[in-house]
S.K.: 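Have a look at the structure that comes next, please.
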Amino acid sequence: MNPKEQFINAGFNTIETPEMPYFNSLRDLQDYIRNNNLDNFDNNQDKNIDNNQGKNQGNPENLENRGKNIDNNQGKNRGKNQGNPENLENRGKNLAEILVKTILTLPIDEKINGYGLNFVGRNVARAKYAQKTEKELSLNTKLSKDIDTTQNLVLKGDNLDSLKILKSHYNGKIKCIYIDPPYNTTSDEFIYPDKFNKEEAEVLGLANLNDNDMERMEFSFKSKKSHNGWLSFMYPRLLLARDLLTKDGVIFISIDDNEQANLKLLCDEVFGEENFVADFIVVRSEGGGLAKQAVIGHDYLLTYCKNISDFKPLAKPKEIRGKIIQINNEDYWIETDWLREEFGRYGTCFYEDIIKWHGQAKKDDIDLGLQNGIYTLIKKDEKSIVGRYRKISEDTSKFYTILKHLNKKGTENLKIIGMSDLFDFSKPINLLKEIVLGATIKDKNAIILDFFAGSGTTGDAVMRLNEEDGGNRKFILCQIDEPIKKDKPAYKFCIDNNLPPVISSITIERLRRAGEHLYQDFNKKLQDNTQDLFPEKNQSIYQDFNKKLQDNTQDLFPEKNQSIYQDFNKKLQDNTQDLFPEKNLEENQGNPENLENHGKNSGNPENLENRGKNRGKNRGKNRGKDIGFKVFDSVDAPQLKIDETTQQISITENQIDAISRIYNMIFSVGIDEPTQIPEMVVENCIYKIGTNYYFTNSEQINSDDFSNAIKNGSVFIDGWTASLNGTLQNFKEDVKIVF
């Protein structure tokens, strides 16, 4: 009897992400339901299992979320006796999960009109989507940066496994995905370890395949020269990407001519034709007179949303063409050329001429807007222009389908941080900034995912965008440890910098250098902005101030003004500009005893306000921004092995550290944010986040520790390091075993 069965038979609740049954068609699904009597399970009992998390579970819109909740096993009795076909609880659970997974991945031949994309390896690829991953994560403290504070993640390993690991917690939580997958080229094989052989066929439940079938399948999964191979590779990854997107989420996929048409059909199936947003043309190069047929100067950016009814159009900040003012601590600009004498023709209509050009009704409407603060009158000569207030934070324009971002800019971006010539086709930062901003302009706390991270441009762009607009976006990057050939500059770069010669090393080093560059840029801007407070004739005062600022800010303030110092220092770190509010510049130029006299001669406060605006409203906010990342390595998960001679069951262990075991439980359970730092209760044994306690090496934990944790919250036990001793047996009704 294996450890899972032991815990189940002993009456423990268990949490495990099950491998889903695989179906070739809707008919197969119907037969499975009937053959297992799953069409007669008790709906009321199933509702109790859901623990009120699956309200309106008959509603198709809620079915996916219900499946997610069931996957996470957050209800008290939902994991009991998993896998027992006679258990009604489990029947309800299985049916909900099967419906969700199958509905999302029905084959094309089930469509009424029979039209769609078909390819060798298609059904195998869908089965691989449902297959449980055999990997888990190990925290890499050496490669991580700001590990105690960062909310960014870098997952090293095959992205198919990484996406499955992410799904438990991040299902339906990713606002924006960008990927630049490997294109279908003349290369012989994928570096991704997708496999297909007779053993794999048996694992996937595929039987009766003849030698010709096997040969075609093997070719599909090994060759990039084949459209079949490339599509079989992309299909399960796109299905997982769809699961991860929020209801209003969006995915951008960079692609070239080789697979653009096929990818469009594949995405129509995965995301739905109705959720197609645009196929942007990205101008990537100029010149190319030596081309054989035509100069190819563009790629495609195929864009789909999760649900078109929830999706808000991609937006970019509107060009500001007027004076900026503040109303109730919000920035507005005054548009003066919106009211024309005739539609479509230039010629501003003055307030005094509204009746002449537009009639009394329009004049009445403008007058009402003037009373309500929507419009304002601006004198010009003898007449008045009607200015319209536009809220900057909400004033946006839609995307145009042609985007110009030359690839040479991507090379220049890498050169700035000393990493030029390492990638031939690194995407420009500005392209990523533009599309990420377009997707998150109203949600600056969004999570951004790139599961073909490459040079790390997406993470770099997210950090820069946050610095520019004060956002708090988080990124998750996935990159396989692809070996770098010895004749490549990237190989020498890795060796010279004492890094393993794999692509993920470049990804992580780029993030590290980009973050340091942003930090240094902030410090320079801080000094520049500080110097602006002092006129040229007071440079000696500035220099003294700046030295004290760097050496010891507290020196600027006498002891009797400690509260002022503390407030100043906090504001200095969080946002230098906060020291000088626009509406009250003269009163807030620093400590009256010190800074006021230094800044008195800095010029007209009105000029200072404009100077700050011109330098960018959000400058200085990066000091508190997240430029770190937690790195996780993909490792083989523990497995149950049977000795063919003795028939004894053993566990293959990967010997990862205790904190990594804790993180794997956090990912698997899916309740807590995996970027959080679990608080240590008992070293190498008990950690907690909020009121959720995670135990590993539970045989080392005494009864009092168990009791205290159960009394204060929920308890999850690492099944791979647990043993069925008496202490654990005493608490089986109050803990959940995680595999």
S.K.: Any donor-acceptor pair under 3.5 Å linking the side chain of E482 with the backbone of I503?
M.R.: no

S.K.: Are I165 and L137 packed together at the side-chain level, in the sense that at least one heavy-atom pair is separated by less than 4.5 angstrom?
M.R.: yes

S.K.: Please determine whether side chain to side chain contact (heavy atoms under 4.5 Å, CB included) holds for the pair L244 and K173, giving the CA-CA distance in whole Å, both sets of side-chain angles, and the decisive distance to 0.1 Å.
M.R.: CA-CA 6 Å; L244 292 170; K173 293 184 179 180; over 6 Å; no

S.K.: Distance check, rounded to the nearest 0.5 Å: D395 atom CG versus D331 atom CG?
M.R.: 12.0 Å

S.K.: Under a 4.5 Å cut-off applied to non-hydrogen side-chain atoms, are S168 and V669 in contact?
M.R.: no

S.K.: Out of curiosity, L153 CG to L449 CG, how far, rounded to the nearest 0.5 Å?
M.R.: 10.0 Å

S.K.: Would you mind telling me which of I480, D481, T507 makes a side chain to side chain contact (heavy atoms under 4.5 Å, CB included) with V502?
M.R.: D481

S.K.: Identify the heavy atoms of N140 and L143 that sit nearest to each other, and give their distance.
M.R.: OD1-N, 3.0 Å

S.K.: Any donor-acceptor pair under 3.5 Å linking the side chain of T150 with the backbone of D146?
M.R.: no

S.K.: Would you indicate whether the side-chain heavy atoms of T457 and R510 approach each other to under 4.5 Å?
M.R.: yes

S.K.: Which value, rounded to the nearest 0.5 Å, describes the distance between H169 atom NE2 and T675 atom OG1?
M.R.: 7.0 Å

S.K.: Pick out which of L511, L414, I484 makes a side chain to side chain contact (heavy atoms under 4.5 Å, CB included) with I506.
M.R.: I484

S.K.: Check whether any side-chain heavy atom of I476 sits under 4.5 Å from a side-chain heavy atom of I448, and report yes or no.
M.R.: no

S.K.: Excluding sequence neighbours, so at least two apart, what forms salt bridge (charged side-chain N to carboxylate O under 4.0 Å, His left out) with E673?
M.R.: none

S.K.: Which residue pairs pass the ring-ring contact (aromatic ring centres under 6.0 Å, His included) test when at least one of the two sits in residues 242-277, sequence neighbours left out?
M.R.: F271-Y304, F276-Y304

S.K.: Measure centre to centre between the rings of F632 and Y663, then say whether the value is under 6.0 Å.
M.R.: yes

S.K.: Less than 4.0 Å between a side-chain N and a carboxylate O, is that true for K391 and E394?
M.R.: yes

S.K.: Might you point out which heavy atoms bring L302 and C267 nearest each other, and give the distance in Å?
M.R.: CD2-SG, 4.1 Å

S.K.: Do N262 and E259 pair up side chain to side chain, a donor and an acceptor below 3.5 Å, judged on atom types alone?
M.R.: yes

S.K.: Report the C-alpha distance between I147 and L139 in whole Å, list the side-chain angles of each, state the deciding distance to 0.1 Å, and finish with yes or no for side chain to side chain contact (heavy atoms under 4.5 Å, CB included).
M.R.: CA-CA 10 Å; I147 195 169; L139 182 64; 3.8 Å; yes

S.K.: Measure the NZ-NZ distance between K145 and K630 for me, rounded to the nearest 0.5 Å.
M.R.: 13.5 Å

S.K.: Going through the distances and angles, do F451 and R237 end up as a side chain to side chain contact (heavy atoms under 4.5 Å, CB included)?
M.R.: CA-CA 9 Å; F451 53 90; R237 290 164 173 83; 4.1 Å; yes

S.K.: When you check the side-chain N and O atoms of S254 and D180, is any donor under 3.5 Å from an acceptor?
M.R.: no

S.K.: For the residue pair N275 and K306, what are the closest heavy atoms and their distance?
M.R.: ND2-O, 3.3 Å

S.K.: Between K156 and S504, which heavy-atom pair has the shortest distance, and what is it?
M.R.: CE-OG, 3.4 Å

S.K.: Which donor-acceptor pairs under 3.5 Å do side chains of residues 309-321 form with protein atoms, sequence neighbours excluded?
M.R.:
from : atom 1 : to   : atom 2 : distance (Å)
S309 : OG     : N307 : OD1    : 2.6
K316 : NZ     : E434 : OE2    : 2.9
R321 : NH2    : E335 : OE2    : 3.1
R321 : NH2    : D337 : OD1    : 3.1

S.K.: Is there a side-chain contact between D158 and K135 in this structure, where contact means two heavy atoms from C-beta onward sitting under 4.5 Å apart?
M.R.: no

S.K.: Check the pair T411 / N413 against side chain to side chain contact (heavy atoms under 4.5 Å, CB included), numbers first and verdict last.
M.R.: CA-CA 5 Å; T411 303; N413 296 150; over 6 Å; no

S.K.: What closest approach, in Å, do K409 and P428 show between heavy atoms, and which atom pair accounts for it?
M.R.: CB-CB, 4.0 Å

S.K.: Out of R242, R126, R122, which residue meets the salt bridge (charged side-chain N to carboxylate O under 4.0 Å, His left out) rule with E269?
M.R.: R122

S.K.: Quick one: does T303's side chain have a donor or acceptor within less than 3.5 Å of a partner on L301's backbone?
M.R.: yes

S.K.: Would you say the rings of H298 and Y300 are close, in the sense that their centroids are separated by under 6.0 Å?
M.R.: yes

S.K.: So, do L238 and I179 sit near enough that their side-chain heavy atoms are less than 4.5 Å apart?
M.R.: yes

S.K.: Mark yes or no for whether T246, through its side chain, and G249, through its backbone, hold a donor-acceptor pair below 3.5 Å.
M.R.: yes

S.K.: Verify, without hydrogens or angle tests, whether N664 (side chain) and S660 (backbone) share a donor-acceptor contact under 3.5 angstrom.
M.R.: yes

S.K.: To the closest 0.5 Å, what do you measure between CD1 (I447) and CZ (F475)?
M.R.: 12.5 Å

S.K.: Give the intermediate values and the outcome of side-chain hydrogen bond (donor to acceptor under 3.5 Å, both in side chains) for residues Q260 and D279.
M.R.: CA-CA 9 Å; Q260 185 272 342; D279 194 359; 2.5 Å; yes

S.K.: Listed by chain and number, what are the side chain to side chain contact (heavy atoms under 4.5 Å, CB included) partners of S162, not counting sequence neighbours?
M.R.: L155, C478

S.K.: Could you state the interatomic distance from CG (N445) to CG (N472), rounded to the nearest 0.5 Å?
M.R.: 5.0 Å

S.K.: Could you pull out the closest heavy-atom pair between W230 and P182, with the gap in Å?
M.R.: NE1-O, 2.7 Å

S.K.: Check salt bridge (charged side-chain N to carboxylate O under 4.0 Å, His left out) between K433 and all other residues, then give those that pass, not counting sequence neighbours.
M.R.: E468

S.K.: More than 12 non-hydrogen atoms from neighbouring residues, nucleotides or ligands closer than 6.0 Å to NZ on K404, yes or no?
M.R.: no

S.K.: Would you check if R473 and L465 make a side-chain contact, meaning some heavy-atom pair closer than 4.5 Å?
M.R.: yes

S.K.: Report yes if some heavy atom in the side chain of L240 is under 4.5 Å from a heavy atom in the side chain of K164; otherwise report no.
M.R.: yes

S.K.: Please table the atom pairs, donor to acceptor, closer than 3.5 Å between any side-chain atom in residues 493-500 and protein atoms at least two apart or in another chain.
M.R.:
from : atom 1 : to   : atom 2 : distance (Å)
D496 : OD2    : K492 : NZ     : 2.7
N497 : OD1    : R513 : NH2    : 3.2
N497 : ND2    : F493 : O      : 2.8

